[in-house]
Q: 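Encoded as structure tokens, here's the structure I'll be asking about.
Each chain gets a letter, A, B and so on, in the order the sequences are listed, and its residues count up from 1.
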Number of protein chains: 2
Amino acid sequence: MKISQVAQKYGLSIDTVRYYEKAGLIDPVAKNESGRKVYQEKEMRRINFIKCMRQAGMSIENIKMYVDLFHEGLDTIPERKTILENQLKKLMHQQEELDNQIGFLEDKIANYEQTLVKREKARKEIENI
Amino acid sequence: MKISQVAQKYGLSIDTVRYYEKAGLIDPVAKNESGRKVYQEKEMRRINFIKCMRQAGMSIENIKMYVDLFHEGLDTIPERKTILENQLKKLMHQQEELDNQIGFLEDKIANYEQTLVKREKARKEIENI
DNA sequence: ATTTGACATGGAGTCGACTCCATTTGATAA
DNA sequence: TTATCAAATGGAGTCGACTCCATGTCAAAT
């Protein structure tokens, strides 16, 4: 597959795909006779993984660490697991904060609701004079 | 109150407080004879509001819009409410995504767990030869 | 009298994750 | 054959929200 197709398939820009390679998240991609990169199954799976991790809020730096550990073989599984667990902790913390923030906004909106109702009532009373 | 105290009180840096004024989120703060800014009740409440909104993930730009509407008086209450409602929608969407991401990571971690258990079992079997 | 410290101001720098640009090259369509 | 395209590369630019820096001022401490 060529880069434009890969980008299309994973909903990334061509630049982003190249950027991931520059950043060392994807191993150097082999090229055909005319110098164009040809993405194989292996690269595709890697890109899919990166995409998932990015969606899970993991930084490029952390994905890089993870990928580097992956290269070192099976013995690094515990370390890789730790990276994932830390990310999970981060997300769960974010979830708590999000809940608070949602509560805060709901209150504030309810407050405005009240104010609007009161203003409307006041307006009607004036009309009734 | 002077700026250092305000920053302290709200857990912001002095630079951040100044930045909020530069950005128009706080009205120009009056100064004493020697040219130092003196923060009054009004500014404090505004800073507290900004802090809450930032925590609720609202952008500086949107807070600015909100503040500008506030200056225009009570008639803008519906518009202000809309801004809050949009922010709420955004947060609720983030919440959904976060839930998915957490599920994804949990699965991936469980997977590793499995792998580790299997490897351990295999190791023990070898020992038993 | 001078050093120290808090503050003011305008503008530059930072960070992460892209995104864009200029230039070059090879392949294909007209 | 020449124009058009897709792609490669290195490096610059972008964005938001700060954060830092140089310089200057004023007041209190030494």
Side-chain angles (χ1 to χ4, degrees), chain A residues 1-40 43-44 46-47 49-67 83 87 90-91 94 97 101, chain B residues 1-40 43 46-47 49-67 83 86-87 90-91 94 97 101:
Chain A
M1 259 199 177
K2 49 189 200 171
I3 196 163
S4 57
Q5 295 171 312
V6 174
Q8 165 80 23
K9 181 169 164 105
Y10 292 99
L12 300 170
S13 78
I14 292 178
D15 273 318
T16 298
V17 176
R18 284 202 267 252
Y19 165 70
Y20 288 160
E21 189 179 343
K22 264 190 208 175
L25 306 189
I26 307 168
D27 305 337
V29 179
K31 297 175 194 168
N32 63 16
E33 328 73 46
S34 50
R36 305 291 165 86
K37 290 176 177 172
V38 179
Y39 292 77
Q40 313 282 41
E43 279 88 27
M44 313 284 275
R46 180 66 63 81
I47 286 167
F49 170 79
I50 296 168
K51 213 202 160 189
C52 290
M53 288 317 191
R54 289 292 301 130
Q55 275 174 351
M58 193 177 284
S59 69
I60 297 293
E61 189 184 354
N62 268 231
I63 298 175
K64 173 80 165 92
M65 285 177 51
Y66 189 100
V67 165
I83 291 182
Q87 186 62 25
K90 245 172 64 181
L91 293 193
Q94 277 179 35
E97 295 206 326
Q101 293 153 11
Chain B
M1 259 200 176
K2 48 191 201 170
I3 195 164
S4 58
Q5 296 171 312
V6 173
Q8 165 80 22
K9 181 169 164 106
Y10 292 100
L12 301 169
S13 77
I14 291 179
D15 273 319
T16 299
V17 175
R18 284 202 268 252
Y19 166 69
Y20 288 160
E21 189 180 342
K22 264 191 207 174
L25 306 190
I26 306 168
D27 306 336
V29 180
K31 297 175 194 167
N32 64 15
E33 327 74 47
S34 50
R36 303 305 167 73
K37 288 176 177 173
V38 179
Y39 293 78
Q40 312 283 41
E43 280 88 26
R46 180 67 64 78
I47 286 167
F49 170 78
I50 296 168
K51 212 202 160 189
C52 290
M53 288 317 195
R54 289 293 301 131
Q55 275 174 353
M58 191 178 284
S59 68
I60 296 293
E61 189 183 356
N62 269 230
I63 298 175
K64 173 81 165 93
M65 284 177 54
Y66 189 100
V67 165
I83 292 182
N86 287 338
Q87 186 62 25
K90 245 172 66 182
L91 293 192
Q94 277 179 33
E97 295 205 326
Q101 293 154 9

Q: Does C:dT19 have its OP1 or OP2 closer than 4.0 Å to a side-chain nitrogen or oxygen of A:Ser13?
A: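 For C:dT19, OP1 or OP2 has a side-chain N or O of A:Ser13 closer than 4.0 Å.
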Q: Rounding to an integer number of Å, can you tell me how far B:Glu33 CD sits from C:dA6 C1'?
A: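 Rounded to whole Å, this separation is 16 Å.
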Q: Quick one: is D:dA17 close enough that its OP1 or OP2 comes under 4.0 Å of any side-chain N or O from B:Tyr20?
A: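 False: B:Tyr20 side-chain N/O out of range (4.0 Å or more) of D:dA17 OP1/OP2.
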Q: For C:dA6, take OP1 and OP2 only and decide whether either is under 4.0 Å from a side-chain N or O of B:Lys37.
A: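 The answer is no; no side-chain N or O of B:Lys37 sits under 4.0 Å from OP1 or OP2.
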Q: When you measure from the side chain of B:Gln55 to the backbone N and O of A:Gln101, does any donor-acceptor pair fall under 3.5 Å?
A: no
Q: For B:Tyr39 and for A:Met58, find the nucleotide of DNA chain C with the closest heavy atom, then tell me which residue's nucleotide is more 5'.
A: B:Tyr39
Q: The side chain of A:Asp15 is closest to which nucleotide in this list: D:dT9, C:dC20, C:dA6?
A: C:dC20
Q: Find the distance B:Asn32:CG to C:dC7:C1' and express it as a whole number of Å.
A: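 Nearest whole value for this atom pair: 10 Å.
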Q: Send over the distance from B:Ile63 CD1 to D:dG16 C1', rounded to a whole Å.
A: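 It is 12 Å, rounded to the nearest whole Å.
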Q: Please pick, from C:dA8, D:dA7, D:dC18, the nucleotide with the shortest atom-to-atom distance to any side-chain atom of B:Ile60.
A: D:dC18
Q: Could you work out which one of D:dA17, C:dA8, C:dA17 sits closest to the side chain of A:Ser59?
A: C:dA17
Q: Quick one: does A:Ile60's side chain get under 4.5 Å of A:Arg54's, heavy atoms only?
A: yes
Q: Around atom CD of A:Gln5, are there more than 12 heavy atoms of other residues, nucleotides or ligands at under 6.0 Å?
A: yes
Q: Kindly say whether, by distance alone, the side chain of A:Arg36 makes a donor-acceptor pair under 3.5 Å with the base of D:dA6?
A: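 Side chain to base: pair found, below 3.5 Å.
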Q: Would you check if the side chain of A:Lys2 reaches a backbone N or O of A:Arg36 as a donor-acceptor pair within less than 3.5 Å?
A: no
Q: With respect to the side chain of A:Tyr19, which nucleotide from C:dT19, D:dT19, C:dT9 is positioned closest?
A: C:dT19
Q: Would you mind telling me which residue lines up with the more 5' stretch of DNA chain D, B:Thr16 or A:Glu21, judged by nearest nucleotide?
A: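 The 5'-side residue here is A:Glu21.
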Q: What is the distance, to the nearest angstrom, from the NZ atom on A:Lys2 to the P atom on C:dT25?
A: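 Distance, rounded to whole Å: 20 Å.
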Q: Any side-chain N or O of B:Lys31 under 4.0 Å from OP1/OP2 of D:dC26?
A: no
Q: Could you tell me how far apart A:Asn62 (CG) and C:dG16 (P) are, to the nearest whole angstrom?
A: 11 Å
Q: When you measure from the side-chain N and O atoms of A:Arg18 to the phosphate of D:dT9, is any distance below 4.0 Å, counting only OP1 and OP2?
A: no
Q: What I'd like to find out is whether the side chain of B:Leu12 reaches to under 4.5 Å of the side chain of B:Tyr20, using heavy atoms alone.
A: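 Contact flag for B:Leu12/B:Tyr20 side chains = yes.
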Q: To the nearest 0.5 Å, what is the distance between OH (B:Tyr66) and OG (B:Ser59)?
A: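 The distance works out to 14.0 Å.
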Q: Could you check whether B:Arg54 gets within reach of a base, just the sugar-phosphate, or nothing at all, counting any heavy atom under 4.0 Å?
A: sugar-phosphate
Q: Would you mind reading off the distance between A:Lys22 atom NZ and D:dT9 atom C1', rounded to a whole angstrom?
A: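 Spelled out: NZ on A:Lys22 to C1' on D:dT9 is 7 Å.
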Q: Rounding to an integer number of Å, can you tell me how far B:Gln55 CD sits from D:dA17 P?
A: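 Rounded to the whole Å, the gap is 15 Å.
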Q: Rounded to the nearest Å, what distance is computed from the CD1 atom of residue B:Ile14 to the C1' atom of nucleotide C:dG5?
A: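 Roughly 12 Å, once rounded to whole Å.
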Q: Please determine if a side-chain N or O atom of A:Ser34 lies less than 4.0 Å away from the OP1 or OP2 oxygen of C:dA27.
A: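 So the side-chain polar atoms of A:Ser34 do come within 4.0 Å of the phosphate oxygens OP1 or OP2 of C:dA27, strictly under.
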